[in-house]
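First the structure, in the form of structure tokens, and then the observations on it.
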Amino acid sequence: MDYNRILVTAALPYANGPIHIGHLAGCFLPADIYVRYQRAQKRDIKFVCGSDEHGVPITIRARKEGTTPQAIVDKYHKMIGDSFNDMGISFDIYSRTSSKGHHETAQAFFKKLYDDGIFEEKETEQFYDEEAKAFLADRYIIGTCPVCGNENAYGDQCEKCGSSLSPEQLKNPHSALSSSIPVKKKTKHWYFPLNKYEDFLKEWIVEGKKDEWKSNVYGQCKSWLDNGLQPRAMTRDSNWGVPVPLPNAEGKVMYVWFDAPIGYISATKELTPQWADYWQKEDTKLVHFIGKDNIVFHCIIFPSMLKAHGDFILPDNVPANEFLNIEGDKVSTSRNWAVWVHEYLKDFPEQQDILRYVLCANAPETKDNDFTWKDFQDRNNSELVAIFGNFVNRTFVLMHKLCEGRVPPLHEDILDEQDKAIIQAIKDAKTYVEQNIENYKFRDALYEVIDLARKGNKYMQEKEPWIVAKTLADNPENQMKIDNCMHLCLQLTANLAILANPFMPFTTQKMLHMMKVVDKMLEWENAGRLDLLKVKYPLRAPELLFKKIEDEQVKEQVDKLHEASAASKQQAEQETKSSAPVKEEIVFDDFAKLDLRVGTILHAERVPKTDKLMKIELDMGFEKRTVVSGIAQHFEAEAIIGKQVTVVANLAPRKMKGIESKGMILMAEDADGKLVFVSPVQQTAPGSEVR
RNA sequence: GGCGAGGUAGCUCAGGCGGUUAGAGCGCAGGAUUCAUAACCCUGAGGUCGAGGGUUCAACUCCCUCUCUCGCUACCA
């Protein structure tokens with residue numbers, strides 16, 4: 001279908017930390033490339049985003065840091081916004097969900113669904129942590145998944161089998177805040193009956209989007225739909241969030257995943273009075289750029305909400321990317337294993353385009369990918385510097401030397417095969433780049449841009465105008481050959497500017513300056529044209545578009561990564577030490593119930609088909625017994641034979657992997673998870689009591 | 001042990017309704033060249049497409065088994 005306008009959203013970053021390059025590569029950069037391209041096409045397009053500022057993690061962080069949630073989100077909203085701005089992510093608006101406008105929009109949306117009787121109102125017993133004095137958000141309850149039996153499923157989702165859950169379905173729930181057992185407390189909430197939208201979703205996605213959506217997105221949606229959907233509570237007990245706009249709803253706010261996607265709508269409202277055109281007219285193409293962790297919300301829940309509301313269009317596509325690893329390891333904010341955008345900008349000032357280039361060329365479009373600083377260096381040095389930058393530079397230098405600094409004429413009567421081939425290549429490049437971007441294949445599109453520069457280098461090499469110049473004394477007419485070559489190289493350069501613009505806007509601006517042309521030239525319809533630079537037009541001296549990345553810079557960054565990670569680990573260790581709370585006080589009789597004994601290891605062997613279990617024969621003095629212990633990753637079986645250990649001798653026996661374990665060997669564990677035996681410092685008779 | 005993804009040139013990866021000599025970029029070797037940020041250009045070496053078996057006239061591409069890697073998860077009380 002033909003669209004008359006486009007609305008692009010990029011996932012709202014969660015305002016409890018800065019953004020890293022994985023965020024850029026997965027979502028914001030592809031969105032920006034797409035948008036810049038569409039703008040160049042002069043299509044009516046809006047690009048909206050903003051900070052997601054509600055939700056439990058922010059309240060927890062505020063509590064931990066002794067400040068308010070508002071202070072936390074103010075800090076990161078500013079920081080994230082600056083990073084985007086500096087990287088050239090060209091939102092039409094970067095809003096925030098704590099804004100008044102968003103609260104009003106979200107409340108109106110909620111009220112409409114309420115008035116239409118969409119919600120199921122349920123008074124339930126909700127889990128409440130008496131120690132933390134708070135109702136527990138879904139993800140702060142851990143328990144056993146009803147679908148697959150995973151004991152560490154979260155209250156909203158089981159990461160093992162991917163099932164979308166509600167906390168009531170969990171077996172053996174416990175609080176992640178204080179690890180106390182949550183108690184049930186009565187509370188009223190409003191549920192969105194996702195199950196009633198299964199048929200709609202199946203028809204819309206499973207039937208309608210099969211060949212249109214990326215296979216990773218489609219496959220995940222299908223598996224959720226196959227497993228069946230449950231009603232989900234769309235409200236929470238909390239004081240941080242959008243208040244539920246109903247009487248008798250004090251202390252109730254909207255579920256953050258209810259209000260966050262509505263943030264796209266409120267941001268659009270804030271941007272333009274014509275906002276409704278972008279959300280309600282069928283001839284609008286709505287595209288959500290997200291990371292793969294957001295697929296369920298953007299493909300299942302939000303569309304159902306929009307459908308239920310009735311006034312809104314549905315997304316045309318949700319091109320979710322996979323994850324970007326760093327130097328072979330998964331990005332982890334808690335381990336501080338990440339390349340932070342604000343730090344990159346500090347370390348590589350004015351070099352945003354290198355990062356944009358590398359992240360796009362190696363984007364995790366079809367599978368998780370790895371970012372390494374070596375690759376960053378290689379791509380910069382051999383592709384941006386040697387191919388792209390060098391072509392532009394040598395073209396300008398030669399033009400100044402051989403053509404008096406002006407665009408030479410094109411003598412059509414002497415065009416040869418090579419000239420015609422390069423002209424065709426320029427025209428083809430437009431088509432290739434365009435088709436790939438339209439299909440969300442940004443890596444391939446960018447390859448075509450560089451490939452055009454590569455063809456330019458080859459063409460110039462074959463033409464050798466610097467050699468031809470030496471023949472001018474004898475054959476002055478050869479100037480025409482030089483003219484043609486340089487003319488085409490210059491037009492190719494102008495084309496490169498247009499094609500590279502969505503990907504590397506900063507570089508494009510430098511090129512425009514050198515060519516003394518204005519932004520209007522970048523309009524996409526100009527791509528493929530050979531008259532972008534007027535004959536005899538004087539051009540400026542070249543400036544280098546890219547500079548090499550030296551080995552030391554690579555080393556510095558890699559070191560920095562490891563140092564930051566080590567520092568964060570150390571900090572975590574200290575926090576563990578200082579914050580591991582001392583357990584509830586016990587009386588002597590409680591302690592006396594424990595029977596601790598010294599035992600000597602007689603024999604040890606790995607339990608087959610397990611990673612961690614070791615079967616250990618112990619001499620307890622009064623008897624020999626078998627204990628199964630989870631230490632196989634820390635010790636070799638032979639190495640521990642003869643060691644003396646402390647054993648809980650009167651622990652109830654328990655079967656593991658078919659072996660009855662009688663007792664438990666005490667271990668000390670440091671912050672690394674490394675295990676050490678707790679042993680008597682001198683040989684002690686087996687069976688000796690420990691008191 | 002379970003689930004998912006994956007094993008294609010030294011490296012990073014494409015690809016393939018099964019069908020002539022399996023691709024790209026980087027790296028490497030050699031050559032050419034000097035307009036250009038020792039850049040560009042040309043040529044070349046290099047792969048039994050993880051292993052084994054099966055289906056087929058024909059498999060790297062389909063099926064089965066195995067193996068290894070990565071992630072999640074289980075066993076740790």
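A, B, ... follow the sequence lines: proteins, then strands. Residue 1 opens every chain.
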Indicate whether OP1 or OP2 belonging to [N] is found under 4.0 Å from a side-chain N or O atom of [X].
X         : N      : result
Lys458(A) : C42(B) : yes
Lys548(A) : A39(B) : yes
Lys463(A) : C35(B) : no

Next item on the list: Count the heavy atoms of every other residue, nucleotide or ligand shown that sit under 6.0 Å from NZ of Lys463(A), and state whether that count exceeds 12.
Entry: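 Check passes, neighbour count above 12.
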Given [options], which nucleotide is nearest the side-chain atoms of [X]?
X         : options                : result
Lys401(A) : C40(B), C35(B), A77(B) : C35(B)
Trp466(A) : C26(B), U34(B), A39(B) : U34(B)
Ser382(A) : A77(B), C26(B), A39(B) : C26(B)
Ser629(A) : A77(B), U37(B), C35(B) : A77(B)
Met664(A) : A77(B), A36(B), C41(B) : A77(B)
Val397(A) : C35(B), U37(B), C13(B) : C35(B)
Leu613(A) : C75(B), C41(B), A36(B) : C75(B)
Asp378(A) : C26(B), A36(B), U33(B) : C26(B)
Lys470(A) : C26(B), U34(B), U37(B) : U34(B)

Pairwise [atom1] distance, [M] and [N] [rounded to whole Å]:
N      : M      : atom1 : answer
G47(B) : U8(B)  : P     : 15 Å
U48(B) : A22(B) : P     : 12 Å
G46(B) : G25(B) : C1'   : 16 Å
C75(B) : G18(B) : C1'   : 44 Å
C49(B) : U21(B) : P     : 14 Å
A14(B) : G7(B)  : P     : 8 Å
C26(B) : A9(B)  : C1'   : 12 Å
C57(B) : G1(B)  : C1'   : 43 Å

Atom [atom1] of [X] to atom [atom2] of [N]: distance rounded to whole Å?
X         : N      : atom1 : atom2 : value
Arg443(A) : G15(B) : CZ    : C1'   : 13 Å
Glu462(A) : A36(B) : CD    : P     : 20 Å
Asn362(A) : G25(B) : CG    : P     : 17 Å

Next item on the list: Let me see the working for Trp373(A) and Phe348(A) under ring-ring contact (aromatic ring centres under 6.0 Å, His included), right down to the final yes or no.
Entry: CA-CA 13 Å; Trp373(A) 284 104; Phe348(A) 296 89; 5.7 Å; yes
So what does [X] hit on the nucleic acid, given a heavy-atom distance under 4.0 Å: a base, only sugar-phosphate, or nothing?
X         : answer
Ile467(A) : sugar-phosphate
Leu545(A) : base
Glu383(A) : sugar-phosphate
Val648(A) : nothing
Val385(A) : base

Checklist line | From CG (Asn336(A)) to OG (Ser565(A)), nearest 0.5 Å | finding: 7.0 Å
Next item on the list: Tell me which of Leu384(A) and Glu464(A) sits closer to the 5' end of RNA chain B, going by the nucleotide each one is nearest to.
Entry: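 Mapping each residue to its closest nucleotide by heavy atoms, the 5'-most match is Glu464(A).
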Margin query: Both Asn457(A) and Tyr447(A) contact RNA chain B. Which one's nearest nucleotide lies toward the 5' end?
Written below: Tyr447(A)
Next item on the list: Specify the closest pair of heavy atoms between Tyr459(A) and Cys485(A), including all atoms of both residues, with the distance to one decimal.
Entry: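 Scanning both residues, the minimum pair turns out to be OH-CA, 3.5 Å.
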Notebook entry, point to check: What pattern of brackets, bars and dots sums up RNA chain B from 5' to 3', given Watson-Crick or G-U wobble pairs under 3.5 Å, [ ] for crossing pairs and | for another strand?
Noted result: (((((((..((((.....[...)))).((((.........)))).....(((((..]....))))))))))))....
Next item on the list: Assess the side chains of Gln377(A) and Asp551(A): does a donor N or O sit below 3.5 Å from an acceptor N or O?
Entry: yes
Check: Hey, would you say the Trp337(A) and His20(A) ring centroids sit under 6.0 Å apart?
Finding: no
Note to self: Whether Lys643(A) engages the ring of Phe677(A) as a cation-pi pair (distance to the six-membered ring centre under 6.0 angstrom, angle to the ring normal within 45°) should be assessed.
What the structure shows: no
